[in-house]
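Read the structure below first, then the notes.
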Amino acid sequence: MDTALVVLYTVISLLVGLSLLVVVHELGHFLPAKWFGMRVEKFFVFFDWPRKLWSTRRGDTEYGIGLLPLGGYVKISGIIDESFDKEHIGQPVQPYEFRAKPVWQRIVVMVGGVTMNVIFAVLTLSLLLLFLGEERVPITAYPSGVTVADSTLGYDIGFRTGDKPLTFNGQAIEYYPEGKEVMRYLLAENGVFTVERGGQTVQVAVPKGLLDKVTDRQRDPRYVTLFTPPNTPYIQPRSAAYPAHAAGLRPGDRILAIDGDSVRTFFDIAPLIKGKQTVAVTYARGGGTSTVPVTLTPDGQLGIAPYVPVVYQRYGVFTAFAKGTRDAFSIVGSQVRGFQLIASGEVSAQKSLSGPIKIAKFLYESLVSAGIEGYLRLLATLSMILAFVNILPIPALDGGHLVFLLWEGITRREPSLRVRLIAQQVGVVFVILLSVFVFANDILNF
């Protein structure tokens, strides 16, 4: 695909996803504010600085789209927020203002955005499980053990070809791990695998510092593989037009050699066909072997992938929502663990924190590789991350406002105006500096 089109689709996938999450979050503030009789002056997707792109007024509220795509906001009368609106200070308290309402109502309004992000994530993940289920590969499908290629994440952890993974930190491994499970393994504290190797049970501990290595090599899909089924290439259903299928290769065929050079693992194939136009593929099927000439695509592809015996796991309503909820909150657990690793110095903040550019890349790649299902799963993940970040007790974020409200509820005294203004200013500066950091980080790592 043309580079310009890739960039365009990447930007569109970011703006659509970000707009949806912003609307969901801000609705969490907007709806309870309206229910409690507060005046909502603005509801903006993206910030209207240095100017707004579009707006319309309905009643007391101006709805619009801003120029700066870094989030959005709801402006409620009588609140000190990132707009630093101080017009109401020194004026009589109006019944429609935020400051006129009971503390519990203000707390509900303030946590509403985070709550809506959590609800969106749980509903999205649960409904995907309910209607689509999950495709999983049983770890027992290959009794001869797994394939571990050199220079992969699995090899660096300590897995070797022929290993039979049994448990991780005492929990049985039933399926080949997917992306979120791989990250759970890397983020776990003192993570240890138990595998069967050569008839003996051995332990494989996850080395420290691997997350940085994954970040350094995340563009290499070969590296981020833990392990794969034994070398049994197959032609994906959508690839009937690819050379391998045209040459007669079928699902379940085992490739033995390329131009006479033996193939030990699936990853051996790419270097053997690199730079060639035609190759002789020797493969096994049903106890016999054959060799066929295959003319590669112009970009040097055979059109094959490892054979995977997928099982479809279906869920009822209650089990889907129970698992969707667990999956959503496990994302928060991963974020907490990630911050712990950054704080301890085990993981580099520069390599771990992602900004809009990297998020846009992830959204586009998820849409291309896994369709709308993958895109929605990533949006659910981002929604939980947004909820987690916003509830942190940082001034200018929802968590910072919540701290002041809880203080007021406990002491029956509102923190001084000076303290709230200074805290808000410090919080805004912190958020701006963090945004600059992740932007620059994305550009440097691009």
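Index from 1, following the sequence. Predicted model only: the values in this text are computed from it and were never measured. All values below were derived from every heavy atom in this structure, side-chain atoms included, with hydrogens, water molecules and symmetry-related copies excluded.
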K75 and E62 ion-paired at < 4.0 Å: no
Between E134 and Y315, a side-chain donor and acceptor under 3.5 Å: yes
Intermediate values then yes/no, salt bridge (charged side-chain N to carboxylate O under 4.0 Å, His left out), E174 and R136: CA-CA 9 Å; E174 299 180 13; R136 306 304 303 269; over 6 Å; no
Check: Y63 ring centroid to F44 ring centroid under 6.0 Å: no
Sequence neighbours excluded - side chain to side chain donor-acceptor pair (under 3.5 Å) pairs with any residue from residues 14-23: none
Charged tip of R420 within 45° of F404 ring normal and under 6.0 Å: no
V74 and E41, any side-chain heavy atoms less than 4.5 Å apart: no
Distance-only donor-acceptor check, side chains E196 and T201, under 3.5 Å: no
D212 side-chain N/O to G209 backbone N/O, donor-acceptor pair under 3.5 Å: no
CA sep, side-chain torsions, deciding dist, call: L211, M183, side chain to side chain contact (heavy atoms under 4.5 Å, CB included): CA-CA 9 Å; L211 275 175; M183 289 305 298; 3.5 Å; yes
ring-ring contact (aromatic ring centres under 6.0 Å, His included) involving F388 - partner list, sequence neighbours excluded: F339
Aromatic plane relationship, F168 with Y185 - under 30° parallel, 30 to 60° tilted, over 60° perpendicular: tilted
